[in-house]
Amino acid sequence: MHPLKFKPILKERLWGGEKLGTVLGKPITNDITGESWELSTVAGDVSEVSNGALANTSLKTLIDNHAERLLGKSVVKRFGKEFPILIKFIDAKQDLSIQLHPNDELAKERHDSFGKTEMWYVMDANPGAELIVGFNKDVTKSEYAKSLEENTLLDLLNYEPVKEGDTFFINTGKIHAIGAGVLLAEIQQTSDVTYRVFDFNRKDKEGNLRELHTELALDAIDYQKKDDFKVSYDDKSDTSNAMVACPYFKTNFLSLENDFSQDTVHRDSFTIFMCVDGSGVVQTESGEAMIAKGETVLVPASSNSIAIKTSGAKFLEVTI
């Protein structure tokens, strides 16, 4: 099975912009495109292959027919025939809503879903752009509820200035939001369960306020101030630099100035490459795929080795 590229699934969002087109070359058709789903098996939004002999085959079909070859035996044992992560590029022209995600236990109980642990890698940020991550002090549930009533929630939140290369790990329960002017790569558990708690009183194109999940969020929020979100990592050239290792995914940073290769015969997991700068060619014993900034390639677990031919590129390398 050759390295696989997929057709982007583009999402119109109230807060979206044009950078997915102007910076990443996505075929956007409006100026409020907020997300490009790169790898997804979410119902109604299943990715389709765009290259090679398997073009137009859905990712779900590939998993149904070749689960262990594609995902890896250990991944199938843990997740069955489900693709365990969702890969996106996100362009925030405006601030996203203030939100959080429940943990696995709460999500299973309430929504028959996984929770949503995620990470962000900032690809581009306008001057002064920020993220909201967590609280700026410990708060109680009653203090939080009072801030919603009095419209003072923003005073309790922690604001993080960002620049290209900054990376954040967002565990479940952590209140957060992507700020205006930020373009980022997102890696997350396969889940679309989000509790929106504040949306700046914005209205959608029909003039309606978007739904808030005030009550659901109360028991899902981590009310403690924590400084556990900023990811520190090396950026040594031509080697794999560890970024995030959590139960749901592992992400490394590759800053390549020259060709790169690795033995993956014992990996027992698929490998995803998200190109965040430059370009190259991902090669295995079964074929190859061109990859450029804003593109994603999925290498099946059955591959025994991976090579990247490049004269300069940066990648997020994701495995389970």
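Just so it is clear, the model here is predicted, and its values are computed rather than measured.
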| query | Would a distance-only check, ignoring hydrogens and angles, find a side-chain to backbone donor-acceptor pair under 3.5 Å from Thr284 to Ser286? | reply | yes
| Between Lys77 and Glu68, is there a side-chain N and carboxylate O pair less than 4.0 Å apart? | no
| Would a 4.5 Å heavy-atom cut-off, applied to side chains only, mark Val46 and Val42 as touching? | no
| task | Compute the centroid of each ring, for Tyr233 and then for Phe253, and state whether the two points are separated by less than 6.0 Å. | result | yes
| Donor + acceptor pair across side chains of Lys226, Asn158 (<3.5 Å) | no
| field | Six-ring centre of Trp15, Lys93 cation under 6.0 angstrom, axis tolerance 45° | value | no
| query | Any Lys/Arg nitrogen of Asp45 or Lys11 sitting under 4.0 Å from an Asp/Glu carboxylate oxygen of the other? | reply | yes
| message | Please determine whether a side-chain nitrogen of the Lys or Arg among Asp199 and Arg210 lies less than 4.0 Å from a carboxylate oxygen of the Asp or Glu. | response | yes
| task | Please determine, by modelled atom types, if Thr271 and Arg267 share a side-chain donor-acceptor pair under 3.5 angstrom. | result | yes
| message | Between Glu317 and Ser240, is there a side-chain donor-acceptor contact under 3.5 Å, judged purely by atom types and distance? | response | yes
| said: If we count only N and O atoms by modelled type, under 3.5 Å, do the side chains of Asp263 and Ser305 hold a donor and an acceptor together? | reply: no
| task | Kindly compute the distance separating NZ (Lys236) from OG1 (Thr239), expressed to the nearest 0.5 Å. | result | 7.5 Å
| 4.5 Å side-chain heavy-atom contact, Lys293 and Val23 | yes
| Short side-chain donor-acceptor distance under 3.5 Å, Gln189 and Thr117 | yes
| Will you find, in the side chains of Ser147 and Glu149, an N or O donor that is under 3.5 Å from an N or O acceptor? | no
| Contact check, side chains of Leu4 and Leu70, non-hydrogen atoms, under 4.5 Å | yes
| query | Do the non-hydrogen side-chain atoms of Ile132 and His176 ever get within less than 4.5 Å of each other? | reply | no
| request: Give the intermediate values and the outcome of salt bridge (charged side-chain N to carboxylate O under 4.0 Å, His left out) for residues Asp104 and Lys108. | output: CA-CA 6 Å; Asp104 283 346; Lys108 180 66 175 177; over 6 Å; no
| query | Can you find a heavy atom in the side chain of Gln188 that is under 4.5 Å from one in the side chain of Lys88? | reply | yes
| message | Between Glu288 and Lys5, is the salt bridge (charged side-chain N to carboxylate O under 4.0 Å, His left out) condition met? List the steps. | response | CA-CA 10 Å; Glu288 64 181 38; Lys5 294 175 71 173; over 6 Å; no
| task | Answer with yes or no whether the side chains of Lys116 and Asn103 bring together a donor and an acceptor at under 3.5 Å. | result | no
| message | Quick test of your reading of the model: are Lys314 and Asp235 salt-bridged, counting only N-O distances below 4.0 Å? | response | no
| Phe270 CZ: over 12 foreign heavy atoms closer than 6.0 Å | yes
| message | Quick one, Ile306 and Phe260 - any side-chain contact, counting heavy atoms below 4.5 Å? | response | no
| Can you find a side-chain donor-acceptor pair between Glu118 and His101 that sits under 3.5 Å? | yes
